[in-house]
Amino acid sequence: MRVSCGEKKREGGKLVKACVQVEGGEVVGILLTGDFFVEPEEAVDRLVGELSALRAPLEMAPEAVLEAVRRSGARLIGVGDEEIREAVRRAISSEAPGRVA
Amino acid sequence: MALPRASTLRAYVAEWPRNQFFNMAYEEAFFREAREPTLRFWRNDRVVVIGRLQSPALEVNAAEALRLGVKLVRRFTGGGAVYHDLGNINYALALPGASMDVEEAFRLVGEAVAEALRGMGAEAYYRPLNDVEIGGLKVSGLAASRSAEGVFVHGALLVSSDIEVLWKVLRITQEKLSDKRAIARSRVKRVITLSEALGRRVEPREVYEALATSLSRRLGLEIKWDSPSEPELRRALKLYRDRYSRPEWNLLYTDMVAGSLSREELEALGMIARPDPEQEREVPGVGP
């Protein structure tokens, strides 16, 4: 199992970093971190739960993450679908393991 | 923006600077306990405060923080990592029963803070999403949370913080320092302290009065200077024990990236994310 991270900052907004656990050609868990905001507060734990339990083939991961965010009822403030998609894409295509820059 | 009917804004200074973990526990406690609009002012001794959704290893130079006596604590609101020292003041506004979204809450408080600073002589303005600036440089950053209970906004305001330490302990992944001599000149690093902006020493009390006046006016409430209540303190002690004094909370989201951290960095993270034994003495309700 390897962990790969990718990040994307919205112009004039916040940064989202996606760290994906990949096993057998599949994403088996994902973490979204960053300096964005989430509302309502009650959705934070749901969001983290949905993402850590997420399973999807690599190429479906970006959309699967967006679906998980929607299911959790969380509204992210400071980053949008485009940034999340891109961060996940970069994580998946990243050669480096989850290295801290 | 909807605020339930209230006539006063309860305001007080409540701080335990030497126990940054209890300070943060109190921050959540007074929001959960609030029955009326409440405004808290406080300061922290050296600590990096990270947002609810940040991974600490990515935000702090832990070994450096340990060397400099800087702690690490996670707050319950989102947003980015900030450095607090006694030259930074924190303001926190709890609006129980309010139903505005986070963007509105930022505008409300951000504009009030900017107005207060203008009254002190600084050319400050609110810059969406969550900054207050003077001449293009950040002097205050805000974070917020909205729940079924209400809305909570808090911010950190640089009065006379040690910017050099700030840049040593915060990880900046995308901005590389090319000129280390420029560290001391905060202009290069895009932040400014209020003392620098006004060209004079600034006492915390002066800022508290200005902020309280500006916020109460915007909210249409009368200020009532008060002090922490027993329920607030009890709740804070519980949150301290259950959450804020624990690495399990402060170091959330470290597992995923732990594999790429050096042992020195991992050990340092463990040490800065919990209070030292002598810090326990600062906690009210805990005997020596």
Side-chain angles (χ1 to χ4, degrees), chain A residues 1-22 27-49 51-52 54 69 72-80 84 87 90-91 94-101, chain B residues 28 31-32 50-62 74 76-82 99-106 127-131 141-153 171-176 252-262 265-266 269:
Chain A
M1 173 153 57
R2 67 179 172 92
V3 175
S4 302
C5 299
E7 61 187 33
K8 178 85 170 100
K9 183 183 182 303
R10 173 185 263 184
E11 189 73 42
K14 303 301 180 188
L15 182 137
V16 57
K17 184 166 195 123
C19 289
V20 298
Q21 281 174 300
V22 178
V27 170
V28 296
I30 183 157
L31 174 67
L32 286 185
T33 68
D35 58 352
F36 50 90
F37 297 88
V38 172
E39 70 166 20
E41 198 183 341
E42 293 83 349
V44 173
D45 285 343
R46 287 197 301 263
L47 175 63
V48 173
L51 292 173
S52 64
L54 187 142
V69 172
S72 72
R75 181 171 76 95
L76 271 60
I77 300 151
V79 293
I84 295 170
R90 288 178 181 180
S94 162
E95 287 299 329
R99 187 154 287 286
V100 176
Chain B
E28 185 181 344
F31 173 47
R32 306 296 179 207
I50 57 173
R52 173 70 180 82
L53 294 152
Q54 291 193 296
S55 177
L58 307 176
E59 304 302 331
V60 64
N61 290 316
R74 176 187 308 272
F76 74 97
T77 55
V82 287
S99 61
M100 67 190 84
D101 62 29
V102 159
E103 289 94 327
E104 276 185 271
F106 281 143
R127 185 158 175 271
L129 174 68
N130 60 329
D131 287 351
L142 295 88
S145 188
R146 177 174 71 77
S147 73
E149 298 158 305
V151 172
F152 181 84
V153 187
R171 271 183 193 274
I172 310 297
T173 57
Q174 284 145 321
E175 294 172 35
K176 300 293 184 187
L252 273 174
Y253 319 131
T254 297
D255 288 354
M256 268 252 201
V257 298
S260 61
L261 299 175
S262 69
E265 199 64 8
L266 266 175
L269 276 172

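By convention in this document, chain letters (A, B, ...) are assigned in the order of the sequence lines, proteins followed by strands, and residues within each chain are numbered from 1.
When side chains are defined from C-beta on, A:V38 does not count as touching B:R52, because their heavy atoms never get closer than 4.5 Å. Contact check for A:V48 versus B:Y253: side-chain heavy atoms found under the 4.5 Å cut-off.
Atom CZ of A:F36 and atom CG of B:L129 lie 13.0 Å apart (nearest 0.5 Å). Atom CZ of A:R75 and atom CZ of B:R146 lie 7.0 Å apart (nearest 0.5 Å). Atom CG of B:N130 sits about 3.5 Å away from atom NZ of A:K14, to the nearest 0.5 Å. From A:L31, atom CG reaches atom OG1 of B:T254 across 9.5 Å, with rounding to the nearest 0.5 Å. Of the inter-residue distances, the one linking B:D255 atom CG with A:S52 atom OG reads 11.5 Å to the nearest 0.5 angstrom. If you take CG on B:L252 and OG1 on A:T33, they are separated by 11.5 Å, rounding to the nearest 0.5 Å.
The minimum heavy-atom distance linking A:E41 with B:S145 is given by the pair OE1-OG, 3.3 Å.
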Stepwise side chain to side chain contact (heavy atoms under 4.5 Å, CB included) check, B:V151 with A:E39: CA-CA 10 Å; B:V151 172; A:E39 70 166 20; over 6 Å; no

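Note on B:S55, B:S147, B:A148, B:G80: by heavy-atom pairs under 4.5 Å with chain A, the leading option is B:S147. Per-residue counts of heavy-atom pairs under 4.5 Å with chain A were compared for B:E265, B:R32, B:E149, B:E59; the largest is that of B:R32.
In this structure, no portion of A:L47 lies under 4.5 Å from any heavy atom of chain B. The contact between A:I30 and chain B is made entirely by backbone atoms, counting heavy-atom distances below 4.5 Å. Contact annotation for B:A144: only backbone heavy atoms (N, CA, C, O) come within less than 4.5 Å of a heavy atom of chain A.
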